[in-house]
Structures are given as C-alpha cells and as structure tokens.
Amino acid sequence: MASSSTNSPCAACKFLRRKCQPECVFAPYFPPDQPQKFANVHKVFGASNVTKLLNELHPSQREDAVNSLAYEADMRLRDPVYGCVGVISLLQHQLRQLQIDLSCAKSELSKYQSLGILAATHQSLGINLLAGAADGTATAAVRDHYHHHQFFPREQMFGGLDVPAGNNYDGGILAIGQITQFQQPRAAAGEDGRRTVDPS
Amino acid sequence: MSNYTNSPCAACKFLRRKCTSDCVFAPYFPPEEPTKFANVHRIFGASNVSKILQEVAPHQREDAVNSLAYEAEARLKDPVYGCVGAISVLQRQVLRLQRELEETNADLMRYASCLGGETTSAYGGRRG
C-alpha cells in the first residue's frame, strides 16, 4: 500500500498551481510557510529564469542563490527604479563620508597627541604649556568636532548582510539585513550611482 | 516617400521582431549595445522588464533600465550572490570604518578631558 503522500506543496508549486514533485527544484528553498518569497522572485525574475539559474549551480550553492535572488526581488519591488543598486549607491556614499570623517578625526587626534607629548616633555621640565587651554577652548573644539563628524546611526544601516545559511526568510523582514526604514535619496542613487557603481 | 530605415533597437533585434515606433525598449536599448539587453533578458526576461518599465514614470525609466542592466551583469558574473555580494562587502567596510571612527573619537574625548581638566561631561547636552 502506498504511503500517505500528504506533504504540503512548496510555495512555488502552490503559486504555480501544479503538483509538487519529489524532485521539484524549488521545494528545498521555497517552503510553503513563506509564500511571499516565491511570489516576489516570480514577479521579478520569473519561474523559468530562476529554474535555469538554479540548474546551473551546484546544489550546495542554491540556497544562497535563492536567498540573494529573494533579496534582490524584494528590493526591486520596494524600489522599482533602483532596486538594490540604490542600496549599493547609498553604502558607497556612506563609506566615502566615513572615510572623510575618519581622516579628519585622525588628523585632530595627531595634533592632540603631539600636544600631549610636548606637554609631557615640558611638564617634566616644570613648564605648564597648556595654561591657555584650561579655559575649555580646546575641549569645546573637540566636542564640536565629535558631534559634527558623528557616524551614521546603526538604525539607518543594514544589520548583518551576510547571506543566511538557513531558510529563515520572512516576507516582512529581510533575511539579508533589515532595510524597512531604508531611504534612498535620488541624488545619491542617481548621479553617484551611475558614476560610481561598477559591477567589476 | 521617406526612407524608413531606422535600425531596430537591441531588444527587437534580439527578439527578432519588428521595432515599432512605440517600442517600450527602444529608448533604452540602442542597437549598438546588444549585450545590455541580452543580459537583462537572460536574468529578468523581456516580459518582466516591460512590466517594470510600465510601472515607473517615463523620466525614471532610463535609471530603472540601467540598474536592471547592472544587476543582470552582476548576477551573470556571480550567479550565487549577484550584486548582493557587493552589498555585503560594502556593509562590512562601513562597519569597520564606524568602529575605527568610534575608537578615534573616544581617543579624542580622552584628550579633551585631559585638556579640560575636571571636564567630564564634554559630550553631554549638545547632540546632533
């Protein structure tokens, strides 16, 4: 007597309204409890293209591939113009800003370090070189510098963009980072995006 | 009679169809860039690209096509991660620089405290 075959069809076969075969290429990566994942991927890439992509990969790579496709599809649906290219553009912009901020901070630090060495030298000789800074002028300057060069708050950033190993995709929260609050300014994504984004 | 010899766009050449005057692809897939459409077609499919273009405003379509072309090319170069790999790398770089900036700022605060003598709340109150 045949065993009871009551396994639920995968999300792909449910969406496509077809019988989910044991060898279904989608089944390992589109569980039935994550219908939105396949719906998004189907809308942006198409089932046929996804099948071809998966068939070209080693089975050990397919889960990562599906999750990255799901991420791209989700981003494209949120932002039909730039998709995740907007994300790349913004990250590049943030990186440039951080590099500038860090350069300024290190430059300031080197000045204070020099001053500190000089003061230590003079102190040992009984000379108070920092009398002029005791009024808080230097303190205010450093404080102002710190606030001006504040880094981007974490809330505006992705959290952990490593492609997840497990099937923990949730249609409401991206497995690859959380970007529900993500804003993509057109200036950064348009002008700079076209000039600086380089797939190579 | 006018000489109607406009070259079909790259999309219609690829799809082997007549390129009509209202072809949605023609403005963005010139015939001299055949690879652009070939890549986009391979990853997204002509039908999906057409739907995406129709959903965005006309002045945004060029950007949309270029970003699709970028994603398609990235996916062909890296079939597993596509452009998500680049995002992951950039994110790690940003986090690294953030940590470095935090450490440098912390050092600056220490110097500020030393220079200010008893000043211990140099960064309180004034925010942003």
Side-chain angles (χ1 to χ4, degrees), chain A residues 43-46 48-49 53 56-57 61 64-65 68-69 71-72 76 80-88 91-92 94-95 98-99 101-102 105-106 108-109 112-113 115-116 130 133-134 136 138-139 142-143 145-147 149-152 157-158 161-163 176-177 190 193-194 197 199-200, chain B residues 42-45 47-48 51-53 55-57 60-61 63-64 66-68 70-98 100-102 104-105 107-117 119 122-123 126-128:
Chain A
K43 187 167 181 184
V44 175
F45 296 99
S48 168
N49 288 338
L53 280 166
E56 285 172 6
L57 295 174
Q61 298 174 309
D64 282 354
S68 69
L69 286 168
Y71 176 80
E72 277 193 52
R76 181 60 63 175
V81 180
Y82 297 108
C84 60
V85 173
V87 174
I88 291 173
L91 282 171
Q92 287 178 331
Q94 289 176 340
L95 201 58
L98 277 168
Q99 286 165 341
D101 289 351
L102 188 59
K106 284 188 168 177
E108 290 286 321
L109 187 62
Y112 282 108
Q113 284 170 335
L115 198 60
L130 297 177
T139 304
V142 171
R143 182 186 60 228
H145 162 85
Y146 177 81
H147 286 292
H149 293 293
Q150 185 68 295
F151 54 89
F152 278 80
M157 301 284 298
F158 293 176
L161 268 178
D162 291 330
V163 179
I176 306 174
R194 280 180 290 183
V197 172
S200 63
Chain B
R42 187 167 168 190
I43 299 300
F44 296 100
S47 168
N48 289 337
K51 284 181 202 164
I52 291 172
L53 289 183
E55 282 173 3
V56 304
Q60 295 177 309
R61 288 176 185 166
D63 283 353
N66 288 339
S67 70
L68 286 167
Y70 173 84
E71 282 191 39
E73 189 176 348
R75 180 63 62 173
L76 290 167
K77 288 187 186 204
D78 181 353
V80 181
Y81 297 110
C83 66
V84 177
I87 290 174
S88 189
V89 168
L90 284 168
Q91 171 70 351
R92 278 195 285 271
Q93 289 175 341
V94 165
L95 288 174
R96 181 176 56 81
L97 284 188
Q98 276 189 324
E100 204 174 334
L101 185 60
E102 280 177 30
T104 307
N105 281 331
D107 289 341
L108 276 171
M109 287 169 69
R110 277 193 285 276
Y111 275 100
S113 298
C114 292
L115 290 171
T119 306
Y123 301 96
R126 185 160 185 263
R127 303 292 292 168

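Throughout, a chain's letter reflects where its sequence line sits, starting with A, and its residues are numbered from 1. In this text the structure is predicted, and so the values were computed from the model without any measurement.
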* Validation row: A/Tyr112, B/Arg110 side chains within 4.5 angstrom (heavy atoms) ->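 Not in contact.
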
* Contact part of A/Gln99 toward chain B, heavy-atom cut-off under 4.5 Å: side chain, backbone, both or neither? ->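 Contact with chain B involves both backbone and side-chain atoms of A/Gln99.
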
* To do: Counting only heavy atoms closer than 4.5 Å, note whether B/Gln93 contacts chain A via side chain, backbone, both or neither.
  =>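 Contact with chain A involves both backbone and side-chain atoms of B/Gln93.
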
* Asked: Looking at residues at least two apart in the chain, or sitting in another chain, which of them share a salt bridge (charged side-chain N to carboxylate O under 4.0 Å, His left out) with B/Asp78?
  -> none

* Asked: Looking only at atom types and distance, does a side-chain atom of A/Arg76 sit under 3.5 Å from a main-chain N or O of A/Tyr71, one as donor and one as acceptor?
  -> no

* To do: Say whether, by atom type as modelled, one donor and one acceptor occur between the side chain of B/Arg75 and the main chain of B/Val80 under 3.5 angstrom.
  =>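 It does hold such a pair.
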
* To do: Could you have a look at B/Cys83, B/Gly85, B/Gly45 and say which one has the most heavy-atom pairs with chain A under 4.5 angstrom?
  => B/Cys83

* So which of B/Val89, B/Leu68, B/Val56, B/Ile52 has the largest heavy-atom pair count under 4.5 angstrom toward chain A? ->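 With the most close heavy-atom pairs to chain A, the winner is B/Leu68.
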
* Shortest non-hydrogen contact from B/Tyr111 toward A/Gln113 -> OH-CG, 3.1 Å

* What residue, out of A/Leu53, A/Leu102, A/Leu57, has the most heavy-atom pairs lying under 4.5 Å from chain B? ->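 When all of A/Leu53, A/Leu102, A/Leu57 are compared, A/Leu102 has the most.
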
* Asked: Among A/Cys84, A/Gly46, A/Pro80, which has the most heavy-atom pairs under 4.5 Å with chain B?
  -> A/Cys84

